[in-house]
Visitor: 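Handing you a structure now.
Quick note on labels: first sequence line is chain A, next is B, and so on, each numbered from 1.
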Amino acid sequence: MPELPEVETTLRGIRPHLAGQRIEAMVVRDPRLRLPIPPDLPARLAGALIGPLSRRAKYLLMEVAGGSLILHLGMSGSLRVVAAQAPPMKHDHVDLVLTDGRALRFHDPRRFGLMIWTPDPPAVAVSRHPLLCDLGPEPLEDDFDGDHLYRASRGRRVAVKSFVMDAAVVVGVGNIYASESLFLAGIHPARACHRVAAVRYQRLAETIRTVLNASIVQGGTTLRNFVQEDGNPGYFARSLRVYGRTGQPCLNCGTRLQERRIGQRSSFYCPSCQH
DNA sequence: AGCTCAACCTGCTGGC
DNA sequence: TGCCAGCAGGTTGAGC
């Protein structure tokens, strides 16, 4: 169930197995994803050479057939490299069968994921495709910092947690890492975003980077299991400080952690440490 | 323009 | 044990 670290982990896990490969066939068992898989996609991809893989926000981009395959894992999606003849499990909706006898297999119980093609190569698609062109900066790139958050928050009144989860502001900060980052920055998740000072946004930008990077490193520990045909992608145990810990003591001060809904999402925080 | 809410779908958990 | 309500890590689009 992917946030940015899981998508990055997925990218790193599948990339070496797809490099230089050719697609023998695309097998679609169920096209009903967030956007339907286009009926002509298998014909378009058959025989195509797989080019470079990249990531933009939580989207994976594969350069192929002169354009880009755009994938999203939604809430419950995962990708694995398996033996092509391995029997599909329930919710294994799509295989990209490779000429080396393996397959990139897309699994997504809730079908909030996405697999579409666009005629632009990835470098163009990121600035032109409707799903990608309005996205904010990558949190781990240089153009993301506290100044950016501060400026983007002026004139807005949403809760700061909703604000940092807005993909037009910064991408890749999902529900878990929003709570974790705000805790580390000492900012109350319900505070109106225009009432957070510049220096505190500086700190928040740092904690977002820290939390995401730490999680990517942890994700790396699951990589070695990633492609085993019987291996499960196993959501790695995370060292979460507040997420899901309602009623348990704050690791800083011992106060019981609280939970409330902000922007329809469960939010976790320490009422003493966060203001 | 900014914000809130509902919707997409399946599976799991907790309460009765 | 079974049933049912509620909730889940994302994102879009309608309506105010």
Visitor: With rounding to the closest Å, how many angstrom separate the C1' atoms on C/dG13 and B/dT10?
Guide: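 Each nucleotide's C1' atom is 22 Å from the other's.
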Visitor: Do any N or O atoms from the side chain of A/R154 and from the backbone of A/Y150 form a donor-acceptor pair under 3.5 angstrom?
Guide: yes
Visitor: Report yes if a side-chain nitrogen or oxygen of A/H72 is closer than 4.0 Å to either non-bridging phosphate oxygen (OP1 or OP2) of C/dG10; otherwise report no.
Guide: no
Visitor: Rounded to the Å, how far apart are A/H91 NE2 and B/dC9 P?
Guide: 13 Å
Visitor: If you assign each of A/R34 and A/K90 to its closest nucleotide in DNA chain B, which residue comes earlier from the 5' end?
Guide: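 Checking each residue's closest nucleotide, the 5'-ward one belongs to A/R34.
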Visitor: Among A/T10, A/T9, A/L73, find the residue that satisfies the side chain to side chain contact (heavy atoms under 4.5 Å, CB included) test when tested with A/P2.
Guide: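 It is A/L73, the one option of A/T10, A/T9, A/L73 that forms the side chain to side chain contact (heavy atoms under 4.5 Å, CB included) with A/P2.
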Visitor: Tell me if the side-chain of A/R111 makes a donor-acceptor pair with the base of B/dC9, cut-off 3.5 Å, by modelled atom types.
Guide: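 No such pair is found, so the answer is no.
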Visitor: Please list, chain by chain and in numerical order, all residues satisfying salt bridge (charged side-chain N to carboxylate O under 4.0 Å, His left out) with A/E138, sequence neighbours excluded.
Guide: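 Result, salt bridge (charged side-chain N to carboxylate O under 4.0 Å, His left out) vs A/E138: A/R55, A/R56.
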Visitor: Closer than 4.0 Å, any side-chain N/O of A/K58 to the OP1 or OP2 of C/dG9?
Guide: no
Visitor: Please give the distance between the C1' atoms of C/dT12 and B/dG11 as a whole number of Å.
Guide: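 The same atom, C1', in both gives a distance of 23 Å.
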Visitor: Using a cut-off of 4.0 Å on non-hydrogen atoms, how would the nucleic acid contact of A/R32 be classed: base, sugar-phosphate, or nothing?
Guide: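 Since no nucleic acid heavy atom lies under 4.0 Å of A/R32, the category is nothing.
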Visitor: Determine the interatomic distance between P on B/dG14 and the same-named atom on C/dG9; round to the nearest Å.
Guide: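 Per the computed distance, 16 Å lies between those P atoms.
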Visitor: Using atom P in both nucleotides, what's the gap between C/dG6 and B/dA6 to the nearest angstrom?
Guide: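 The same atom, P, in both gives a distance of 14 Å.
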Visitor: Indicate whether OP1 or OP2 belonging to C/dG10 is found under 4.0 Å from a side-chain N or O atom of A/R265.
Guide: yes
Visitor: Stem finding on DNA chain C, please: runs of three or more consecutive Watson-Crick or G-U wobble pairs, both distances under 3.5 Å, sorted by first number.
Guide: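 If one scans DNA chain C for consecutive Watson-Crick or G-U pairs, the stems found are B:2-8 with C:10-16, B:10-16 with C:2-8.
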Visitor: Which nucleotide in the list B/dC9, B/dC3, B/dC5 gets nearest to the side chain of A/R157?
Guide: B/dC3
Visitor: Of all of residues 113-133 of chain A, which get a heavy atom below 4.0 angstrom from DNA chain B, listed by number?
Guide: none
Visitor: Would you say C/dG9 has OP1 or OP2 under 4.0 Å from some side-chain N or O of A/Y177?
Guide: no
Visitor: Which part of the nucleic acid, if any, lies within contact of A/Y59, taking any heavy atom under 4.0 Å across all strands shown: a base, the sugar-phosphate backbone alone, or nothing?
Guide: sugar-phosphate
Visitor: Name the one of A/V196, A/L182, A/V173 that satisfies side chain to side chain contact (heavy atoms under 4.5 Å, CB included) with A/L204?
Guide: A/L182
Visitor: So A/V169 and A/F163, side-chain contact (heavy atoms from CB on, under 4.5 Å) or not? Walk me through it.
Guide: CA-CA 7 Å; A/V169 172; A/F163 174 71; 3.6 Å; yes
Visitor: Verify the neighbour count for atom CZ of A/R241: are there more than 12 heavy atoms of other residues, nucleotides or ligands below 6.0 Å?
Guide: no
Visitor: In whole angstrom, give me the gap between the P atoms of B/dC5 and C/dC7.
Guide: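 The answer is 15 Å between these two P atoms.
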Visitor: Taking the side chain from A/R200 and the backbone from A/G186, do they hold a donor-acceptor pair closer than 3.5 Å?
Guide: yes
Visitor: Take A/R29 and A/D95, measure what side-chain contact (heavy atoms from CB on, under 4.5 Å) needs, and give me the verdict at the end.
Guide: CA-CA 8 Å; A/R29 298 184 195 86; A/D95 282 359; 2.7 Å; yes
Visitor: Check this one for me: any side-chain N or O of A/R156 less than 4.0 Å away from OP1 or OP2 of B/dC3?
Guide: yes
Visitor: Would you say C/dC7 has OP1 or OP2 under 4.0 Å from some side-chain N or O of A/R110?
Guide: no
